[in-house]
Amino acid sequence: MADYEFSKIEKKWQQYWEDQQTFKAEVNPSKPKYYALDMFPYPSGAGLHVGHPLGYIASDIVARYKRLKGFNVLHPAGFDSFGLPAEQYAIQTGQHPAITTEENITRYKEQLKNIGFSFDWSKEVRTSDPSFYKWTQWIFMQLFNSWYNKETDKAEPITALIAQFEHSGNRQGDGPRVFAVCDEDTPAFSNEDWKQMNEREQQEVLLKFRLTYLAEATVNWCPALGTVLANDEVKDGVSERGGYPVERKKMTQWMMRITAYAERLLQGLETVDWSEPLKEMQRNWIGKSLGAELDFKVTGNPVAHEDITLTVFTTRIDTIFGVTYLSIAPEHELIPQLTSPEQKAAVEEYISTAKNRSERDRMSDVKTVSGVFTGSYVINPLSGEKVQLWIADYVLAGYGTGVVMGVPSSDERDFRFANHFNLPIIYVIAGTETLENPCDVKYGQLINSGFLDGLDWKVAIQKAVERAEELGVGTAKINYRMRDAVFSRQRYWGEPVPVYFKDGIPYLIDESDLPLVLPEIDKYLPTETGEPPLGRAEGWKYKGKYPYELSTMPGWAGSSWYWYRYMDAQNDTTFASKEAIDYWKDVDLYIGGSEHATGHLLYSRFWNQFLYDLGSVPEKEPFKKLINQGMIQGRSNLVYRVNGTNQFVSYHLREQYETTALHVDVNIVDNDVLNLNAFKNWRTDFEDAEFILEDGKYLCGHEVEKMSKSKYNVVNPDDIIERFGADTLRLYEMFLGPLEQFKPWNTNGIDGSFKFLRKLWRLFHDEAGNLAVSDEAPTSEEWKVLHRTIHKVEEDIERHAFNTTVSTFMICVNELTTLKCHKRAILQEIVILLSPYAPHMAEELWQLLGNKDSITYATYPVFKPEYLVESIFEYPISVNGKVRAKITFSLDTTPAEIEKSVLASEHVQKWLEGKQPKKVIVVPKKIVNVVI
RNA sequence: GCGGAUGUGGCGGAACUGGUAGACGUGCCAGACUUAGGAUCUGGUGCCGCGAGGCGUGGGGGUUCGAUUCCCUCCAUCCGUACCA
């Protein structure tokens, strides 16, 4: 009997798809497009585990579904193939990262192909391939050649800025310099000044405007990795990869001016269909806050610099009369000039301890109050009060202006600080005077506040800003938490930066010299002089004389634009043809993990906005709809060894002994029952293991944790496919639960998915295994099953509820089995519905039904509601909300008639006990409720 | 601390705009065929109760004829973030 031979079927169709190029997508303006994208993987040495394909399966289902719905679908795959692990491996073994990467990719592709994805492999991209990173470098060059014009609110060519400088310097008329986003700390110069500058000076000025620029910045330096890291690559003061300590260090680095786009990145979130938590994460990361800047004049300055003004940023200018001191970040550069001779020693000591505190210490210990008085005083510009100027390490140099006004009566930290140093407290919000902690009430009516007295805090903010502007001592101001992104990595395995240096000034290489290919080096370590590994490349100089930039680009460079390359992956004259970009436009559905919320997804939006400004791409936002698939966690199994013996006690008996729990390979455990022989053979030290069993079995304990080799809980998709087939794997992964949710992998339930497929297979075959499909006309009952299924499946896929769809299929097949339905008209449609989920079996059955072409070209069945039309409805009859009976009425029965019959029925009479009901509610096609 | 999410049987999880809670799967129980196989099929399975019935969607309160669904409040777990002025 030819039963369901999944392995044969799956190999056959995978080969067919490859040979026929079934999924090749071509630009075709006569059809609507659909772009289904997965976050491309970094090909790690460990290969895929069962959790990785989850998102790919979901996007593949959508891709296949959309094809059936008549869309021209782009569903590509590729590899984010630059990265640290391959380089670390190279350092240890000397093997070129390109070789390791190539091997890993080969394995990944093999594993992916086993699952039967409908990827168009002809469009594969790899970020480490020169034909790809040529365009990453090209985009870098465009950024270098651009500046952000505040007036037009977009990026523009740097040549326009130079023309502007030549024409009128960096100011417009007599007004303030408003036209560039990053212009605040550039001194004003006229067109004459500009012309007076030499090449070097001009380039230095321009560097302050470019969207990628070289700057000395305080960066996250990771000594163990030998490189700097971006803010999103640092978690809790240690590197995200490897967990090594990170220090703050001043270094000259390439930066990306993402801050220029802060507002657009924030606004753009309103236009995309992403989950609210993810948008919220990006909003927090951008961290917009509305406030005001206010100038405080330093008075009685001991070092005799009378003209020093300190600017603070505050969101609560309304509390200005509550200011009792000012505090300044220890890193602030004006500190030497603000310190009185008497305080000099104390200040210097404080600053040096503050500096020596590591990031992690500073983070872990936020409660300790520390600070030192500078000896200077400042004048409150609105109240005229004179207050002390302190240095405090709770003030961050990197945010706002690095100076904060201290209002102990309405800010928690200021309150603690003031208490600690016995600074005065002025209550400015009504009702806070009597409180132990005045910060408990932050909003209300103002008191003790001069011209703001009696006003509500919101009104007071407006009033105070107006006054400050009148007096010329302040202005409303928007601040963003987000910083420009560090773009240099002192690493080998990344894109070379297409820049060379002449007289210490960076210049772009000529576009015709792209790609700037990564040179060969002998060792993948920094040079003896501490330069990045590229410093080892012999004679690596532009035109043979100018040294190249030695750092490479970060991991996120290539991934910030790769979805465009898929559209036209082979093009070598542009990153993707205009024709292809105008057709495919943007990603309709993007599926990937939420760990990229503040990294990849933000950088991609940034580069996309920039490419939009250039006119290179048509959409402002690249990813219309985004789903974060939840991670599949491991489900570890544990055995309990009696201490000091080689005896293992079964799960429920373990309490009777002193035991140690050990992880055991989940692959030798079935339904939590340990395979004793396999266990003895697993490791030599368990060879003579003895077992204390319960009910003749050894039961293991279990725990949900991350899938990892050391926990022996890694399940390999290849093993599952060998035992159950790819279609079962696909169904089961979807069936596990909602896509977005985190959930543990548990092989136990997979039988159910397998049985379902076998049941379906048997609907097509007789006892002997021969095809047994009849051409008889289906009964109305059978039509009903089919159309209910069409309707439900379509609805579920559209709202991405893949788990319930699988249930729907199971119900459908169970019903057809009960009805003994073997009718072609029904089964054929069911196969089409199923094909996105279990494509191999669908293809096989499709062919058995006599179709020649791939089921990919079939048409999605049309739902006909008339098959579901009911003429009767069985009403649940509830008494006081509790269902007591069911009565069937034809649908044209009026509510009044229903009410009458219900009341007359003996079920209800029993509950009424002769009384009249208070109320009867009849909801057509829903329920009848009798209230007594 | 702040922001967000989640909370339903032994377990994974259903329930679209308030309308028969627990679909589907697994597990468990019983039976059939086999004759020990971790195969297949059928039936049962939220809890208490022999039963009628009662109780049940984290706890408490509210709106409603009716609440897993809406509102308030508390609790627990997870994720993000952290002196952002």
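Naming convention: chains lettered A, B, ... in sequence-line order (proteins, then strands); numbering from 1 in each chain. Predicted model, so just to flag it, every value in this text is computed and none were measured.
Of the nucleotides present, B:rU77 is the one that pairs with B:rA5 by Watson-Crick or G-U wobble criteria, both distances under 3.5 Å. The partner of B:rA67 is absent, by the rule that a Watson-Crick or G-U pair needs both atom distances under 3.5 Å. B:rA36: no Watson-Crick or G-U partner with both key distances under 3.5 Å is found in any strand. Under the Watson-Crick or G-U wobble criterion, with both distances below 3.5 Å, B:rG49 is left unpaired in every strand shown. Taking a pair to require two hydrogen-bonding distances under 3.5 Å in either a Watson-Crick or a G-U wobble arrangement, B:rG43 pairs with B:rC29. Across all strands shown, B:rA85 remains unpaired; no Watson-Crick or G-U wobble contact has both distances below 3.5 Å. The partner of B:rG12, taking Watson-Crick or G-U wobble pairs whose two distances both stay under 3.5 Å, is B:rC24.
Looking at heavy-atom distances under 4.0 Å, A:R283 makes no contact with the nucleic acid at all. Among the protein residues, A:N803 comes within range of the sugar-phosphate backbone only, with heavy atoms under 4.0 Å from sugar or phosphate atoms but none that close to a base.
Considering only heavy atoms from C-beta on, A:S409 stays 4.5 Å or farther from A:T319 through its side chain. For the pair A:Q741/A:L736, no side-chain contact is recorded, criterion being any heavy-atom separation below 4.5 Å from C-beta on.
Comparing the P positions of B:rG25 and B:rG43 gives a spacing of 12 Å, expressed to the nearest Å. Rounded to a whole angstrom, the distance from the C1' atom of B:rU6 to that of B:rG13 is 14 Å. A gap of 29 Å separates the P atoms of B:rG53 and B:rU64, to the nearest Å. Between B:rG60 and B:rC75, the two P atoms lie 15 Å apart (nearest whole Å). When the C1' atom is used for both B:rU57 and B:rA21, the distance is 7 Å, rounded to whole Å.
Within the structure, every side-chain polar atom (N or O) of A:K743 is placed at least 4.0 Å from both OP1 and OP2 of B:rG12. Taking side-chain N and O atoms only, A:K755 has a distance below 4.0 Å to OP1 or OP2 of B:rU26. Contact between the side-chain N/O atoms of A:N748 and the OP1/OP2 oxygens of B:rG25 is not found at any separation under 4.0 Å.
Counting to the nearest Å, the P atom of B:rC83 and the CZ atom of A:F415 are 21 Å from each other. Summarising the geometry, the separation between CZ on A:F873 and C1' on B:rG19 is reported as 9 Å, rounded to the nearest angstrom. Taking atom CG of residue A:L389 and atom P of nucleotide B:rA85, one finds them 20 Å apart after rounding to whole Å. In this entry the distance linking NZ of A:K288 with P of B:rU81 reads 22 Å, nearest Å. Regarding A:D414, its CG atom lies at a distance of 12 Å from the P atom of B:rA85, rounded to whole Å.
Its glycosidic angle being more than 90° from 0, B:rG25 falls on the anti side.
Relative to the side chain of A:D393, the nucleotides B:rC83, B:rA5, B:rC24 differ in distance, and B:rC83 lies closest. Taking the side chain of A:I811 as heavy atoms from C-beta on, and the options B:rA14, B:rC24, B:rA82, the nearest nucleotide is B:rC24. Taking only side-chain atoms of A:R481, from C-beta outward, the nucleotide of B:rC84, B:rC65, B:rC24 with the closest atom is B:rC84. When each of B:rG56, B:rC24, B:rA85 is scored by its nearest atom to the side-chain atoms of A:L396, the top-ranked nucleotide is B:rA85.
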